[in-house]
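Numbers restart at 1 for each chain; the letters A, B, ... are given by sequence-line order, proteins then strands.
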Amino acid sequence: MRVMQNVSLGAHYAVRLPAPDDFAFWRERARGLIQCDVPPDRVSWIEPGGTGDLFAAEGPSRSDKRLPAPPADAPPVRASKAFLTAARRAALHTDPARFGLLYEVLWQLQRNPRLMEDKANIQVRRIEELAKSVRRDAHKMHAFVRFREVAVEDGTPHFVAWFEPDHHIVRTEAAFFMRRFANMRWSILTPRGTIHWDGQVMHEGPPARREDAPGDDPVEDLWRSYYASIFNPARLKVGAMLSEMPKKYWKNLPEAALIPQLIAGAQAREAAMVAAGEREERVRPATLAQVAQGAAACRDCAIADCGTRAVAGEGPSQAALMIVGEQPGDQEDLAGRVFVGPAGQLLDQHLTRAGIDRSAAYVTNAVKHFKFVWKGKHRLHQSPVAKEIDTCRWWLEAERAIVQPRIVLALGASAARGMLGRTVSVSKARGAPIMLDDGAELWVTVHPSYLLRLDGEAQAQQAALFAADLAAVQARVAQIGV
Amino acid sequence: MFLRSMAQQTLRQKLEILADAAKYDASCASSGTAKKNSVGGKGVGSTEGMGICHAYAPDGRCISLLKILLTNHCIFDCHYCINRKSSNVARARFTPQEVVDLTLNFYRRNYIEGLFLSSGIVKSANHTMEQLVEVARILREEHDFRGYIHLKTIPEADAEIIHEAGLYADRVSINVELPTRAGLNRLAPDKDESQIEGAMGRTKMRIIEAKDERKRFRHAPRFAPAGQSTQMIVGADDANDTAIIGKASRLYGSFGLRRVYYSAFSPIPDASAVLPLKRPPLLREHRLYQSDWLMRFYGFAPGEVADATEADGNLPLDIDPKLAWALKFRESFPVDVNRAAKEQLLRVPGLGTTAVGRILAARRHRTLRLDDVARLTASIAKVRPFICTLDWRPTLLTDRADLRRLLAPKSEQLELF
């Protein structure tokens, strides 16, 4: 045992720290005390304004100056890197017992150099917990400082923030903001001190009050708009938000004022979206009768408000060929049957000529209701828009799932969109099959009403092309042999 | 008429439309890129490895980046997408300069870590991609911006333009959108799986080449130092969790992705009628992320995660996938915390990578008792049935038929907020 000339046996020492975050000072004093072999229970560590000394009755004799000088032959004090890293952070915690705890572990480290690895040791755990909450506080400072721009006479903008950290992190974290905003003039005001960066030099100042910081910044309106818009009301997870952005931070976050109203409005907004796409809850019809019934009652698009009836498909419920038109016309609507008007008659002629038995095919339309505008006494056909075709796909797909055709003939671009969900060019798509996801073939050609609108040579030409398309489909139907 | 209404939109209205349109992209990561800061530069910005979440929205998602679209006009017609051509949403368009000013104004006030820019496709894929690159170029070259930039790349655009994007951006991403080719064909008829994967493959090669060049030449340009990521929509088609996990592991393997994001399909305004689906539970997305973690950090093979699924190929919703696996393979337990290898410890439900690290370090110093383990983990109750310590053996517990019920979190009645 070394001889401790400078240490009065049994004496108690108090160390007054110049600042609550002065780790370097603690480190130097702790080193000296360990070299003098002063056990942890004989040292008190006192922060400015703190009352750490329980033995105050003994008077001011244990002031900093009276600390013993270490003997010349004292062995160097050692600590693992893990301790140093954790201790640097833990020292910034507001727990008044932190310096005592650090000294105690440093003391034990001299006998057990690998103590920090023993994560089950209560004091090691405590240091790690302190370090962790300081790290979290620093991270939240990086995240939640909000600068407000202040106009200054010389024209260079000055950005000022008010932040309330839990621990003594301001001085340490100044470096982070300096690296990020090196070419900006900024100040961060906190109740634990202020830091100012002028683009060249960092200054420290005394604690500030909230009133010292600017009260507003016009850009915050834009930021709040962004915050409200990026929020998805269909997935409310308030708990997840609160665990990362606890309420204590809200008062200094401009966007947080919106949170209550966003939450309150969320369910209504989601309900509105679901109601708009009501079919989410709907069960797909299993029979053609259910399709007809469902389509008749369907009010999912504006066409249903035309006051027309839904015209159901016709044909066997299991057919090799399904023929899809655009939508019922004036006469189809009156008769309640598909393809009975002029276009239907033309189609029948062509089908017969191509050798296709219409009664063996399932014939339907991409859109179930007749869409029109009044022109005098006449109901003038209006093409359905993409959105309406997509809405009606619900019924078309149900029909396809029931009938399970091997070949589908789409008459015109609307029918093709109803089948594919995308718009194709009929002139490009015709003449060759498109594979559908269930292995069926889709053949696209023009709508017979197109031929009715042409005359002369153009009509003859297009009629020939149409006939050729139908012939190709018939050949395919025969080939598949169903 | 159309042009006039565009001109009348204020910056704030555009921001509302184009942020709203961007919120279905799950990724907001700003981590894992090269370290840089504004010291010695002319502008602002730093990236220091760890991402920072500057705010959280009530949907629990972090707000780290200014996540917006350049425009939500789109010539594509993908059914799950709110911005598809046939949707009736309000449309808006930013100029590249407007995006630059917004980014800098937000960044200087410490609202964000940087920009995540995506876009609807206008005119052509190349034109759109050029506009996205232009925003990044102005930020980097004219303003010396050193914050984080994530650019969504358009697989249909030319390889040279995508390459340019990677030179300015920290991260690039291409969404695979749907887990199966059939789903993509059905719901995103204008997209093509092989085109998407081709672009991802080229990006991977560029990233590897750039890394290699930097090893030899210190000033070789960086290419997407934070790598590439992708996103899959869950629940818009009928792919089950086994299929999704398989696809994700293939994507990680083939394209060296940093992350695969899962986005539970959520109802969108003006939804397409081809989505005849209920909204999948948000928990499903969470379970997929957990399984993702099991594969990336816990040494689970994709097949093993698939083993944890139920008869329908989906992960159970009431318990996490690791617990589900442990309950199926009870013969692997209990694990002796004082002797078991790291790989075995990582399989114990309730022990995370941190806790396993602590156990491995602590057991060099003492033989662990149950109390010791309790100090090293978040919840000993969850761990106890699967481990032995010096003073604890779960005698009958691992064989109990009702173990699942005992360990599954109690369902709780939600309170009015």
Enter the distance from [X]:[atom1] to [Y]:[atom2] here, rounded to the nearest 0.5 Å.
| X | Y | atom1 | atom2 | value |
| --- | --- | --- | --- | --- |
| B/Asp372 | A/Arg125 | CG | CZ | 11.5 Å |
| B/Asp77 | A/Asp390 | CG | CG | 6.0 Å |
| B/Ser263 | A/Asn232 | OG | CG | 8.0 Å |
| A/Phe181 | B/Tyr107 | CZ | OH | 5.5 Å |
| A/His142 | B/His54 | NE2 | NE2 | 10.0 Å |
| A/Ser229 | B/Arg12 | OG | CZ | 9.0 Å |

With side chain to side chain contact (heavy atoms under 4.5 Å, CB included) as the criterion, how do B/Asn105 and A/Trp223 come out once you've worked through the C-alpha distance, each side chain's angles and the decisive distance to 0.1 Å?
CA-CA 10 Å; B/Asn105 274 326; A/Trp223 171 241; over 6 Å; no
Would the distance check show the side chain of [X] and the main-chain N or O of [Y] forming a donor-acceptor pair, the cut-off being under 3.5 Å?
| X | Y | answer |
| --- | --- | --- |
| A/Tyr226 | B/Lys67 | yes |
| B/Arg109 | A/Arg146 | no |
| A/Tyr227 | B/Tyr56 | yes |
| A/Lys119 | B/Ile359 | no |
| B/Asn110 | A/Val145 | yes |
| B/Lys23 | A/Phe231 | yes |

Do [X] and [Y] have side chains that get closer than 4.5 Å, going by heavy atoms?
| X | Y | result |
| --- | --- | --- |
| A/Arg393 | B/His79 | yes |
| A/Arg422 | B/Phe76 | no |
| B/Arg108 | A/Glu149 | no |
| B/Val39 | A/Met178 | yes |
| B/Asn37 | A/Arg180 | no |

What is the minimum heavy-atom distance between [X] and [Y], and which atoms define it?
| X | Y | value |
| --- | --- | --- |
| A/Ile259 | B/Pro58 | CG2-CG, 4.2 Å |
| B/Leu376 | A/Ala120 | CD2-N, 3.9 Å |
| A/Ala182 | B/Ser38 | N-OG, 3.0 Å |
| B/Leu102 | A/Leu222 | CD2-CD1, 4.0 Å |

Just give me the residue among [options] that pairs up with chain B most often, heavy atom to heavy atom, under 4.5 Å.
| options | value |
| --- | --- |
| A/Ala240, A/Cys301, A/Ser225, A/Pro254 | A/Ser225 |
| A/Leu258, A/Ile122, A/Leu436, A/Val385 | A/Ile122 |
| A/Trp186, A/Phe147, A/Phe144, A/Phe177 | A/Phe147 |

Consider only side-chain N and O atoms of B/Ser46 and A/Arg179, and report whether a donor and an acceptor are under 3.5 Å apart.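 No donor-acceptor contact under 3.5 Å links the two side chains.
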Query - Heavy-atom proximity to chain B below 4.5 Å, by part of A/Arg417 - result: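 Contact with chain B involves the side chain of A/Arg417 alone.
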Checklist line | A/Asp217, part contacting chain B, at a heavy-atom distance under 4.5 Å | finding: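 Side chain only.
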task = Could you go through the side chain to side chain contact (heavy atoms under 4.5 Å, CB included) check for A/Leu236 and B/Asp59 one step at a time?
result = CA-CA 4 Å; A/Leu236 206 54; B/Asp59 53 16; 5.9 Å; no
- Identify whether the distance between the nearest side-chain nitrogen and carboxylate oxygen of A/Glu117 and B/Arg363 falls below 4.0 Å.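 Salt bridge: no.
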**Prompt:** Any Lys/Arg nitrogen of A/Asp118 or B/Arg366 sitting under 4.0 Å from an Asp/Glu carboxylate oxygen of the other?
**Reply:**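 Salt bridge between A/Asp118 and B/Arg366, a charged N being under 4.0 Å from a carboxylate O: yes.
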Q. When you look at A/Lys387 and B/Lys85, which way does the side chain to side chain contact (heavy atoms under 4.5 Å, CB included) test go after all the steps?
A. CA-CA 9 Å; A/Lys387 167 87 181 151; B/Lys85 190 168 67 178; over 6 Å; no
Side chain from CB out, backbone as N, CA, C, O: work out which of these in [X] comes under 4.5 Å of a heavy atom of chain A, or both, or neither.
| X | value |
| --- | --- |
| B/Ile17 | neither |
| B/Arg61 | side chain |
| B/Lys42 | backbone |
| B/Arg358 | both |
| B/Glu48 | side chain |

Go through B/Val44 and A/Asn183 one step at a time and tell me if the side chain to side chain contact (heavy atoms under 4.5 Å, CB included) criterion holds.
CA-CA 7 Å; B/Val44 291; A/Asn183 305 297; 5.8 Å; no
